[in-house]
Each structure stands twice: as structure tokens, then as C-alpha cells.
Chemist: 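My questions all concern the structure below.
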Amino acid sequence: MSHASTYQPKTAFTRWLDSRLPIIRFAGDFMVFGTPRNLNYLWAFGAILTFFLVLQIITGVILAMHYTPSTGLAFDSIERIMRDVNYGWLMRYTHMVGASLFFLAVYIHMFRSLYYGSYKAPREVLWMLGVAILIVMIATAFMGYSLVWGQMSFWAVTVITNLFSSLDSIVQGLGTTIVQWIWGGFSVDNATLNRLYSLHYLLPFVIVGLVALHIWALHVPGSNNPTGLEVRNEAKETLPFHPYFTTKDLAAMAIFGLLFAYIVFYTPNYLGDAVNYVPANPLVTPPHIVPEWYFLPFYAILRAIPSKLGGVIAMFSSLAVLFLIPWLDTSRVRSARYRPLYRLFFWALVFDCLALGYLGSQPPEGNALLAARFFTAYYFIHFLLVMPIVGLIETPTPMPETLADSFKHKGQEKPGQMRPMPAE
Amino acid sequence: MATTIDESEGGVSRRDFIYIATTAFAAIGAAASLWPMIDQMNPDASALSLASTEVDLAPVQTGQAITVLWRGKPIFVRNRTPDEIKKAQTTPLSDLKDPSAEVMGATADMPATDANRTKPGKENWLIMIGICTHLGCIPKGQAPGDERGPYGGWFCPCHGSVYDTSGRIRQGPAPRNLEIPPYQFTSDTKIKIG
């Protein structure tokens with residue numbers, strides 16, 4: 001959907017700059033990018049996610065000014081940030097709750113894509129870059145959590161790094177070698193904490209790079225929309241991103257920001273685990289190790305498989321399978337709005353992920369373990385069987401001919417009513 | 001050797017050779033400079049130097065257990081009761097999930113008998129790395145009053161692995177028996193681990 005640049009430099013200086021570094025032209029064209037007029041509020045999560053990425057980097061850089069990555073001092077330096085540093089409590093709670101809501105927004109953003117078929121051709125690379133961002137986000141959040149050096153931090157690092165020791169059952173000693181290489185010792189210790197800190201500072205900038213590619217890939221075909229139909233007539237079917245969608249995104253951000261501010265100021269520890277306020281102790285494992293809420297579905301999958309290597313493979317596969325979705329969906333219709341059968345399975349997947357999340361917080365025994373196995377099975381069946389088969393057997397409901405037809409009936413042609421037109 | 005393709009009439013020219021030689025040299029150089037960057041993450045000299053720990057067993061009474069640190073890892077030291085020893089020695093090997101004794105430094109095919117996991121004449125002392133072989137939690141069973149699982153040994157609270165009185169895996173997701181570190185008795189009541 002790339003079109004000719006509309007930027008006209010107006011002053012002598014901008015004309016001079018434009019012929020040397022056309023950065024204003026780039027930003028201007030970027031902001032007036034043609035965007036389907038029928039986007040709903042679920043499309044605001046891209047902007048919300050950008051906001052959280054910037055917020056996490058700013059608060060993170062600030063926290064790094066006060067944090068000490070050393071096993072003897074890490075926990076105390078966090079407490080000093082909370083008690084002594086001016087507004088330290090605000091920076092830390094913003095960073096901590098920000099990570100949680102970052103994941104909430106990313107999960108909504110992904111389910112939005114799954115519902116409206118935003119991963120389908122020609123947006124496969126866009127979707128795959130999104131999955132790559134999720135994976136780097138998971139690594140970053142995990143490393144950040146470890147820096148607190150509380151009991152849950154320490155044991156989360158121990159359990160997750162030990163996942164690699166499962167490779168011992170393929171090649172004797174390989175897993176142990178890799179785990180000791182990750183630790184820089186024979187147990188999780190100071191060397192481990194230091195490298196996690198270094199990488200926790202690096203990875204957000206990798207995410208920034210991936211986000212730039214993600215937006216680039218978005219700007220080639222343009223945004224999908226609730227009908228899943230391609231834009232055919234730019235003038236009738238799209239509006240410039242600014243001011244129409246910047247305004248809409250800001251409105252959505254204000255509402256999401258209310259939730260964020262409520263948690264930060266009224267119940268900042270609601271989403272965390274109290275055990276992480278106990279300093280790390282390598283000799284005592286907490287009775288019940290649970291990750292933060294956003295990792296619970298993956299943790300449930302890990303524990304559902306009764307073999308160590310099998311559980312690890314299943315957990316990594318639950319992310320890897322997302323890369324294949326554009327090719328697993330055989331339907332010619334993008335949006336679930338016109339796919340009555342797929343829509344049911346979509347909500348089944350939402351329920352499945354919520355159920356796995358709940359089961360990940362429960363001890364893996366008895367009925368909870370059986371249920372986790374059932375929902376793990378459905379997770380993979382959904383992508384590997386339901387998606388290809390439903391696409392082949394389903395009869396889609398009637399769709400509008402063009403994107404413009406989909407909003408014509410909403411009374412826009414009434415006399416005396418003006419349609420918003422792109423600013424020329 | 002000709003210098004251009006025309007001179008060499010379509011065969012290999014000196015320039016082709018230079019291209020291949022340069023690229024190969026650069027590739028080898030890049031690979032060689034990568035190794036220090038990878039190896040720097042391995043356990044360093046100070047971690048390797050913490051290799052041995054001495055433990056005095058005299059204060060540990062029959063039925064008691066202590067935990068010591070070796071290379072940052074908890075080592076379970078238990079003075080087993082005659083009943084616990086008997087249970088460990090009479091368990092048929094066919095009941096075990098992991099048939100290997102899991103003694104550090106020994107071959108993997110050493111059978112997981114209780115005799116192989118202790119020292120001759122010191123069968124009451126069981127010395128193991130107290131790290132669950134599933135995902136690295138510390139099993140319960142060292143402190144009096146701890147849950148010790150249906151086999152009377154150790155129980156991992158994280159994912160429910162059950163170990164017997166010889167520290168061998170009997171139930172749950174852990175794949176291997178608790179590992180036996182290298183150690184010797186330096187006197188009747190002293191051991192050196194590592």
C-alpha cells in the first residue's frame with residue numbers, strides 16, 4: 001500500500017535538509033499512512049505496546065542507575081530503591097506492573113490477529129516477526145525477574161536453566177555442559193546474575209529492532225481490518241493514520257492507562273508473588289514454585305508431559321507452532337466474522353489458554369494434572385488439526401463485496417452528513 | 001598462472017584463487033575469534049578452585065542428616081538407620097526407574113545398587129548432591145518433620161518426584177537418581193568431597 005510521498009518542504013531549511021536527509025519526509029509519510037477506516041479498538045494495541053516498550057526502557061535505564069548486580073547486594077539494592085531512592089518505588093512498580101501489562105497487551109494483540117486472520121498472506125512475515133518479538137519478550141521478562149534475587153527469582157532461574165539439562169538424555173553430558181556454561185559455575189551464582197543483568201539490558205533494544213521490522217512489514221501490505229478484505233480504493237476505504245488513528249489509539253491508551261495506574265498505585269504487588277520478597281537462599285526451595293501469571297500457560301504445558309525432555313520439547317513447541325500458523329490455516333477467508341465454525345474454535349482456544357493459565361498455578365497432581373494434559377493436547381490440536389481441517393470444510397457466511405460496502409449501510413450516505421475525508 | 005579469465009580461457013584464474021583464499025581466511029579468523037567469546041562464559045578459575053570441601057561426620061547421629069555446600073550445591077549427608085539401609089539394599093533393581101548408580105566419575109552402566117552408591121564398610125553414610133534431577137529444586141527430607149514421600153527417602157515439592165532411602169528416583173518426573181559426588185573418607189569420621 002505504499003504510495004507517492006505527499007510531503008512538501010515549506011521553508012528554505014527543510015528544502016535544504018530534504019535533499020540531504022529526507023527524515024521529515026519519512027516521518028510525515030509514516031504518519032499519514034493510509035489505514036482502513038473500519039478498524040476497531042482492538043487495533044489500538046499496537047500503539048499501546050509501543051508505549052509500554054518505551055516506558056519499560058525508560059524506567060529500566062533509571063532502575064539500572066540504582067541496582068547492583070551482585071548476589072550479596074542485589075536484593076538489598078532493590079529494597080533501597082523501594083525505600084531510599086527518590087521516587088524509586090514508583091520507578092520499580094511502574095517497571096514491574098508495566099511488564100505484566102505489556103504481556104496482557106501482547107496477548108490481546110495476538111488473539112486479535114488470530115480472530116481476524118491478520119497472519120494470512122500477504123502478512124506472514126509480519127506475523128512471524130511478532131512471534132519473534134514475543135519470544136524475546138519472554139526471555140527479557142524472565143531475566144528481569146531474576147535480577148530481584150528473591151526466592152522465586154533464584155528458583156525460577158534454577159528451574160528454567162535446568163531445562164537444558166534434559167539434553168543429557170540425548171547426548172550424555174551435553175545438557176550439563178550447556179547448563180554450566182549458562183551458569184558460569186556449578187550452580188546459579190554471582191556469574192549467572194551478572195550475565196542475566198547484561199542480557200536484560202541488551203534484549204529490549206533487540207525488541208526495538210524487531211519492532212522496527214514489524215512496522216516495516218506492516219507498512220508493505222498495510223493494516224488488516226475487521227472484515228479481512230483488502231483495501232482496493234484508498235480514497236474511499238482508508239484514512240490517514242494521523243490524526244484519525246493517533247486520536248483513537250490515544251483514547252484506547254487512556255483507558256488501558258487507567259488500569260495500569262490503578263494497579264501501580266493501589267495494588268502494585270497484586271500480580272506478583274509474595275515469596276519473592278524473601279532473599280534468595282540456595283539451600284531452601286520454596287514449597288510451591290510458580291512463575292509470573294504471563295508464563296503460567298507455558299509452565300502448565302511443561303509440567304503436563306510426564307517426561308522431562310518431553311515437557312521441555314512441548315513447551316518450546318507451543319511457541320514454535322505459532323510460526324507455522326500462516327500455513328496451517330487453509331481458509332480463503334481471513335476474518336472470523338465470516339467464519340461461523342472457526343469462530344467457535346477460536347473461543348475454545350481462548351478458554352484453553354485461560355484454563356492452562358489457571359492450571360499452571362496449581363500443584364501438578366490429580367485432576368489438575370489430567371486437566372492440564374487435556375488442555376495441552378487441545379492447544380496443539382487447535383493449530384495442527386482444527387485450523388487446516390476447519391478451513392477446508394467450513395462454509396463462510398456472505399461477505400461484503402468490497403471494504404467500502406461493509407460500512408456503507410451505516411447511514412453514511414444520509415443527506416446532510418459529511419464523511420471524514422483524508423486531508424489533502 | 002593467468003591473471004584474467006580471458007587469459008586463462010575460462011579456467012581458474014589467479015583472482016579466483018585470491019577470492020577463495022581471502023574468504024576462507026576471513027571465515028577461519030571469525031570462527032577462531034568467536035571461541036573466546038563463547039568460552040568466557042564457562043566456569044572461571046575461581047569457580048573451579050572451590051573444588052573440595054571437608055566435612056566432620058562425628059556430630060551426626062544415626063537417623064540424622066546435615067546439608068553442606070560443595071561448589072555452591074547442597075550436599076545431603078545422612079547417617080541412615082539400619083532399617084533404612086535394609087530397605088535400600090533389598091530393593092530389586094528391576095523396581096528402579098534409573099538403573100545407573102549415577103556416581104560422578106564412574107561409568108553410566110554401573111548398576112544402581114545401594115552398595116555402589118555408598119562406600120564399603122560405611123553403608124550407613126549416604127552422601128549425595130541434594131538437587132532434584134528434574135529441574136534442580138532441593139528435595140525435602142533433610143529436616144526432622146519433613147515430608148519424605150512413600151519410600152521414606154526424599155520428596156521434591158516442586159513437581160512431586162519421590163526418592164528412596166538410597167536417593168534413587170522411584171516416582172515422578174525426575175529422570176535420574178540423585179547424584180553421588182566424588183568423596184573419600186580421610187579418617188573414620190571425616191570426608192573430603194571433591
Chemist: Does the ring of Y183(B) carry K119(B) above it, NZ/CZ under 6.0 angstrom from centre and within 45° of its axis?
Modeler: yes
Chemist: Is there a donor in the side chain of D109(B) and an acceptor in the side chain of T107(B), or the other way round, less than 3.5 Å apart?
Modeler: yes
Chemist: Using non-hydrogen atoms only, which part of I178(A) is less than 4.5 Å away from chain B: side chain, backbone, both, or neither?
Modeler: neither
Chemist: Cys pair C137(B)/C158(B): SG distance under 2.5 Å?
Modeler: yes
Chemist: Locate the shortest heavy-atom distance separating S161(B) from A174(B); write the atom from each residue and the value.
Modeler: OG-N, 3.1 Å
Chemist: Counting only non-hydrogen atoms closer than 4.5 Å, does D168(A) touch chain B with its backbone (N, CA, C, O), its side chain (CB onward), both, or neither?
Modeler: side chain
Chemist: Non-hydrogen atoms of chain B under 4.5 Å away: do they reach the side chain of W181(A), the backbone, both or neither?
Modeler: both
Chemist: Please classify the contact between D44(B) and chain A as side chain, backbone, both or neither, with a heavy-atom cut-off of under 4.5 Å.
Modeler: backbone
Chemist: Measure L163(A) against the heavy atoms of chain B and call it side chain, backbone, both or neither at under 4.5 Å.
Modeler: both
Chemist: So which residue, N190(A), I289(A), L283(A), ends up with the most heavy-atom pairs under 4.5 Å with chain B?
Modeler: L283(A)
Chemist: With F103(A) as reference, evaluate F295(A), F142(A), W293(A) under the ring-ring contact (aromatic ring centres under 6.0 Å, His included) test and give the passing residue.
Modeler: F295(A)
Chemist: Would you say the rings of Y379(A) and F383(A) are close, in the sense that their centroids are separated by under 6.0 Å?
Modeler: yes
Chemist: Measure distances from T133(B) to the heavy atoms of chain A and classify the residue's part below 4.5 Å as side chain, backbone, both or neither.
Modeler: backbone
Chemist: Can you say whether I38(B) sits under 4.5 Å from chain A via the side chain, the backbone, both, or neither, judging by heavy atoms?
Modeler: both
Chemist: Looking at I138(B), L48(B), T67(B), I131(B), which one has more heavy-atom pairs under 4.5 Å with chain A than the rest?
Modeler: I138(B)
Chemist: Within 45 degrees of the ring normal and closer than 6.0 Å to the centroid, is that where the cationic atom of R148(B) sits relative to F155(B)?
Modeler: no
